[in-house]
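Before any comments, here is the structure.
Residues take their numbers from the sequence shown, with the count starting at 1.
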Amino acid sequence: MTIKVIIVDDQAMVRAGFAALLAAQPDIDVVGDAADGRQGVELGRSAHPDVVLMDVRMPEMDGLEAARQLLDPPPGVHHRPKVLMLTTFDVDDYVYEALRAGASGFLLKDAPPADLISAVRVVAAGEALLAPSVTRRLIADFAKQRPARRRGGPALRLNGLTPRETEVLELIARGLSNQEIAASLVLAEQTVKTHIGRVLAKLGLRDRAQAVIFAYESGLVAPGGQ
């Protein structure tokens, strides 16, 4: 199945470079690009992409607000693409907020071409781009610097999880893959996937990215802890 992608960035050279790279892949189709967040939202609503590559800092409307509008559309709009944030900084407050809003991960603009291609495929498949240690560090740092405003709410919601589901959530937050979680808990990988699906459903979370943030903000995982 072909992955439909749009690129939203205020730098024309970045858009052109990313488009050429991705369009050369047999399983990726770049269906449009936009120079600011407002145009990106409009294009996302009309082109129905699977993945949106979204720059963080742009004029008119920044990537954070654009991501929010795409991921939490108004009544009558049913399409919700996966959003992959692009940033020039390895630590950026906007990226953390975008992950809270439901973005599936982030990628540095100067990442190797192979990483960009892989990121699009990973996000399109429904996974969160949380493997790089810099992502986990970013989330942990912001969770530590800025405690959740409604800390009691997330903590109370943990009570709805079974002990096993709580264990799985903690390991997700520590950056383990499904395979690593299965090995740690001596479970079949398919069983781990089932547990993760139940955790997301019970907590009302979209994907692993939000699960990681929830684990930190609820106090299940201490920022910087091992």
Side-chain angles (χ1 to χ4, degrees), residues 2-25 27-74 77 79-125 127-132 134-135 137-139 141-142 145-146 206-207 209-210 213:
T2 301
I3 302 168
K4 295 169 60 177
V5 176
I6 67 171
I7 302 164
V8 186
D9 193 293
D10 62 335
Q11 298 181 49
M13 290 289 288
V14 171
R15 298 198 306 274
F18 282 4
L21 176 66
L22 294 172
Q25 308 308 309
D27 59 335
I28 298 176
D29 183 16
V30 178
V31 296
D33 64 83
D36 62 59
R38 194 177 307 282
Q39 293 178 20
V41 172
E42 294 173 356
L43 181 60
R45 299 262 166 83
S46 62
H48 291 179
D50 300 301
V51 177
V52 177
L53 294 178
M54 181 77 73
D55 187 22
V56 172
R57 301 175 183 274
M58 291 181 291
E60 295 295 326
M61 178 188 292
D62 65 27
L64 173 59
E65 180 58 29
R68 283 178 177 147
Q69 292 194 20
L70 286 172
L71 293 166
D72 188 18
V77 178
H79 180 70
R80 291 187 183 184
K82 305 292 183 181
V83 176
L84 180 61
M85 305 303 297
L86 300 169
T87 178
T88 54
F89 309 99
D90 63 350
V91 175
D92 191 318
D93 194 9
Y94 285 105
V95 174
Y96 175 79
E97 293 296 341
L99 290 173
R100 290 189 68 187
S104 294
F106 85 98
L107 191 70
L108 296 178
K109 285 188 179 181
D110 60 359
D115 285 3
L116 173 65
I117 296 166
S118 174
V120 168
R121 290 171 176 154
V122 166
V123 169
E127 294 292 328
L129 194 69
L130 291 172
V134 64
T135 310
R137 187 175 70 247
L138 177 145
I139 294 172
D141 285 348
F142 278 112
Q145 294 167 16
R146 302 176 357 163
R206 290 191 182 96
D207 57 22
Q210 287 199 324
I213 291 173

key: Smallest separation among heavy atoms of P81 and L71, with atom names   = O-CD2, 3.4 Å
Pair up each side-chain donor or acceptor in residues 47-56 with any protein partner under 3.5 Å, not counting sequence neighbours, and list the distances.
from : atom 1 : to   : atom 2 : distance (Å)
H48  : NE2    : R45  : O      : 3.1
D50  : OD2    : K4   : N      : 2.7
D55  : OD1    : K109 : NZ     : 3.3
D55  : OD2    : K109 : NZ     : 3.4

Please table the atom pairs, donor to acceptor, closer than 3.5 Å between any side-chain atom in residues 10-25 and protein atoms at least two apart or in another chain.
from : atom 1 : to  : atom 2 : distance (Å)
R15  : NE     : D33 : OD1    : 2.9
R15  : NH1    : D9  : O      : 2.7
Q25  : NE2    : L21 : O      : 3.2

note = Smallest heavy-atom separation, M58 atom then A35 atom, equals SD-O, 4.3 Å
request  = Rounded to the nearest 0.5 Å, what's the gap from CD1 on I6 to CG on L43? Could you check?
outcome  = 4.0 Å
task = Could you grab the distance from atom CD1 of I3 to atom NZ of K82, nearest 0.5 Å is fine?
result = 12.0 Å
query = Rounded to the nearest 0.5 Å, how far does CG of D72 lie from CZ of R80?
reply = 6.0 Å
ask   = Taking only residues two or more places apart in sequence, or in another chain, which ones meet E65 in a side chain to side chain contact (heavy atoms under 4.5 Å, CB included)?
value = M61, D62, R68, Q69
inquiry  = Can a donor-acceptor pair be found, under 3.5 Å and without considering hydrogens, that links the side chain of S118 to the backbone of A114?
reply    = no
inquiry  = If the condition is salt bridge (Lys or Arg N to Asp or Glu O under 4.0 Å), which residues does D27 pass it with, not counting sequence neighbours?
reply    = R121
Nearest atoms (heavy-atom pairs only) where D36 meets P59 = CB-O, 3.2 Å
request  = Walk me through it: do T87 and L108 pass the test side chain to side chain contact (heavy atoms under 4.5 Å, CB included)?
outcome  = CA-CA 5 Å; T87 178; L108 296 178; 3.8 Å; yes
task = Indicate the atoms forming the closest heavy-atom contact of S104 with V123, along with that distance.
result = CB-CG1, 3.7 Å
ask   = How many angstroms lie between atom CG of L86 and atom CG of L116, to the nearest 0.5 angstrom?
value = 7.5 Å
